[in-house]
Amino acid sequence: MSTGAEVPRDRLHLLRITIEALSPLSFGSGDVLTVERRHRTGDAMESRRADVTALVRDCNGLPVIPGATLQGRLRHLYDAEYGDAETRILFGYAEGTKGDAGRLFAGFAAVHDQDDHALTGLVTDATRIKKDPILRALRQDEPLRRDHVALNARHVADGRKKFDRRAVPIGTRFSTEFALWGTEAEASEDKAALARIVRLFGHPAFRIGGGGHHGYGRVVVRRCSYACLGLDNTAALRRLRTQEPSVSLAENIVPEIDAFGRAVTMKLRLTPINPWRIGGHGHYLTENTHGTRLADGGTVSKTGAGLREEREAADVATILREPVIAWANGKAELRETTQTSAFEPRLPNGVAFSVPGSAIKGPLVHRALFHWNRLRSDIDGMIDVETWLKLDVAEQAEAMKKLADRPLELGYLFGTAKERAGDAGRAGCAFFNDGAVADVQAVQAMDHIVIDRFSGGVFPGLLYVEEVLAGGSVETTITMLPPPREAGGTDWPANIRDAFLLALRDLCSGQLAIGAKSLGFCTGDIVAWTGADDLKSPWETAWLALAGATPGKAGA
């Protein structure tokens, strides 16, 4: 692909893409939004205000994906797949006083209404958004909210490192345009470059917005079309520029399905062996029951005395059930968690119980760090009982912090946060997708009360209910890209691979829980591997060796 600097670029290559969210999309604007959070203190309810990061929105108050978000992610992947020279020509570059704006232009991605039309421009009809259930839901301050918490060396909440993310739900559709100006001589090369852009939307590392390494940002291309026009065709150009980006162009493009062989993907299937829960904010399911709600909406006993009275929502710790947008015959339906007490956990047929990728990544990364430290010979005996008792409180805290800090080697795989000025944060090479939940049998309410640690008695008024799931299974995928160039760029070292697979073995053998408290212990296995044989073989061989080993002995 030449730069085309000598010949006027008089041909417009236009690409229109409609994408659909396979997991929640979280793209923050940087603006601070003040929201109200309700908490129970004793017998009273308190309202507290919290500052959160708002989603990027258009002039109508609807979520929109900036073109820079798309272009930045595509540039990174294009460089990795096709090289720096072509990337500079297509996306531009800036190096000191030298630079080029590039030839590819990405537009803002506009959200779709219930009739599958992208909404562009200012809506002057005030009732248009109010009458559309999809747009009305997406216009809310928090269309979807997930809580997150950092884990410390003891696998509990790390101080005040608790935060949440706003996102748009699964099924949300957006449409955007990519424009590429070129010459007639370069027409075939430019069309091929746009085809490669479409292909990158299926790359395992393509995520939109924040949180891409732990579940957010996955999309699928639903429609893709292309047109090429000369500047002399003014009528056609004017017509195209007035159309919404969800309207198909002359030539439909079928996205190329490519496994991107440099990535290794494992499919993980887990079966909880005890009740389990991932906390959420939806409506509780066990009202007016003996404490159990069945999958069909029924209860263990629908008649007789002793039925629970309807509780105040703040007294119930609910399960993560998130709204989804389901599409059929070009129409969208919003399925919210408050519509029914019955539940159907399979997408897209109903409101799903959700297992965020972060709920799987957090425990695994924490346990992988434990195994990394355990297998390193230079810390043998560092924290035995005798040594530990000789340390004062400050020295104990420093020793624990040293073991809790993620080393550079694991940072290449899992990423590291930039918490302080001067820290070198980096994105990891492992992507944890949200888990798909199936075959849940029931939701059970478990009563709890807070105990006074001084007297051993109960705190009056601090009775609450925690809903848990009974039965079911969770299926998810984890994708590992090759190490970055500074870490070798070919295959992962055995010590990093072993630390991660030992953590996976603990998860699949009931020694590591996902979700809340002491719930969520599972059995499971890796049921499928995909990727190039030379890359997946070391992972698969090591896993098979560990899976048949005695817990606590493998890899030691």
Side-chain angles (χ1 to χ4, degrees), residues 16-35 50-77 91 104-114 116-123 128-130 132 134-148 163-179 197 200-201 205-222 244-246 322-325 332 334 356-358 418 427 434:
R16 287 179 178 170
I17 296 180
T18 296
I19 56 176
E20 181 180 318
L22 294 180
S23 65
L25 307 184
S26 176
F27 31 89
S29 64
D31 293 333
V32 175
L33 177 69
T34 301
V35 297
D51 292 336
V52 298
T53 302
L55 295 172
V56 181
R57 297 182 181 272
D58 63 10
C59 56
N60 302 302
L62 295 169
V64 64
I65 304 175
T69 298
L70 296 171
Q71 194 160 359
R73 192 60 189 158
L74 288 169
R75 179 196 173 91
H76 173 75
L77 296 176
F91 291 90
L104 182 70
F105 299 87
F108 274 57
V111 74
H112 283 221
D113 61 16
Q114 65 176 350
D116 207 13
H117 298 303
L119 203 68
T120 57
L122 179 64
V123 177
R128 167 76 189 280
I129 296 176
K130 292 181 180 179
D132 191 302
I134 304 298
L135 300 180
R136 188 171 62 248
L138 294 176
R139 200 178 188 184
Q140 296 175 3
D141 289 341
E142 297 180 305
L144 182 148
R145 174 165 66 100
R146 282 184 179 177
D147 287 331
H148 297 271
F163 64 99
D164 52 34
R165 281 187 182 273
R166 269 128 306 285
V168 298
I170 294 172
T172 307
R173 286 187 178 179
F174 295 88
S175 285
T176 187
E177 289 182 342
F178 291 89
I197 291 293
L200 289 177
F201 275 82
F206 184 80
R207 299 289 193 274
I208 294 177
H213 289 268
H214 42 265
Y216 294 90
R218 295 176 59 223
V219 298
V220 63
V221 175
R222 291 303 185 198
E244 62 191 40
S246 55
E322 297 177 334
V324 297
I325 298 174
L334 178 66
S358 58
K418 183 178 181 181
D434 286 359

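By convention here, the first residue in the shown sequence is residue 1.
Salt bridge absent: Asp116 and Arg222 never bring a charged side-chain N and a carboxylate O closer than 4.0 Å.
Remark: the backbone N or O of Asn60 is paired with a side-chain donor or acceptor of Arg139 at under 3.5 angstrom. Checked by atom type and distance alone, the side chain of Gln71 pairs as donor or acceptor with a backbone atom of Leu104 at under 3.5 Å. Side chain of Ser23 to main chain of Arg218: a donor-acceptor pair is present (N/O by atom type, distance under 3.5 Å, no hydrogens or angles). Judged purely by atom type and a 3.5 angstrom limit, Ser175 has no side-chain atom pairing as donor or acceptor with the backbone of Ala110.
Leu77 CG to Arg207 CZ: the interatomic distance, rounded to the nearest 0.5 Å, is 10.0 Å. Separation of atoms CD (Glu177) and CZ (Arg16) is listed at 4.5 Å; rounding is to 0.5 Å. Atom CD1 of residue Ile134 and atom CD of residue Gln114 lie 6.5 Å apart, to the nearest 0.5 angstrom. Atom CD of residue Glu322 and atom CG of residue Leu144 lie 4.0 Å apart, to the nearest 0.5 angstrom. From Leu119, atom CG reaches atom NE2 of His117 across 10.5 Å, with rounding to the nearest 0.5 Å. From Arg57, atom CZ reaches atom CZ of Phe27 across 8.5 Å, with rounding to the nearest 0.5 Å.
Nearest heavy atom pair, residue Gly215 against residue Asp434, reads CA-OD1, 3.2 Å. Across every non-hydrogen atom of Thr176 and Gly107, the tightest pair is OG1-O, 2.8 Å. The two residues Thr18 and Arg173 have their closest heavy-atom pair at CG2-CD, 4.4 Å. Residues Gly211 and Arg165 approach most closely at N-NH2, 3.5 Å, considering heavy atoms. Among all heavy-atom pairs drawn from Leu334 and Ala137, the shortest one is CD2-CB, 3.4 Å. The two residues Ala427 and His213 have their closest heavy-atom pair at CB-NE2, 3.7 Å.
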Original post:
Between Ile19 and Ile208, is a side chain to side chain contact (heavy atoms under 4.5 Å, CB included) present by the stated rule, with each step listed?
Top reply: CA-CA 11 Å; Ile19 56 176; Ile208 294 177; 3.6 Å; yes
**OP:** Could you walk me through whether Thr172 and Leu25 pass side chain to side chain contact (heavy atoms under 4.5 Å, CB included), step by step?
**Re:** CA-CA 9 Å; Thr172 307; Leu25 307 184; 5.7 Å; no
Original post:
Is there a side chain to side chain contact (heavy atoms under 4.5 Å, CB included) between Phe206 and Arg73 once you walk through the steps?
Top reply: CA-CA 7 Å; Phe206 184 80; Arg73 192 60 189 158; 3.9 Å; yes
Original post:
What's the verdict on side chain to side chain contact (heavy atoms under 4.5 Å, CB included) for Asp113 and Arg128, showing C-alpha distance, side-chain angles and the deciding distance?
Top reply: CA-CA 10 Å; Asp113 61 16; Arg128 167 76 189 280; 2.7 Å; yes
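Looking only at side-chain heavy atoms (C-beta outward), Ile325 and His112 stay at 4.5 Å or farther from each other. At least one side-chain heavy atom of Val56 sits under 4.5 Å from a side-chain heavy atom of Val64. You'll find the side chain of Pro24 stays beyond 4.5 Å of the side chain of Val168, heavy atoms only. Asp58 is not listed as a side-chain neighbour of Phe108, based on a closest heavy-atom distance of 4.5 Å or more. At least one side-chain heavy atom of Phe178 sits less than 4.5 Å from a side-chain heavy atom of Leu74. A heavy-atom distance below 4.5 Å is found between the side chains of Pro169 and Leu138.
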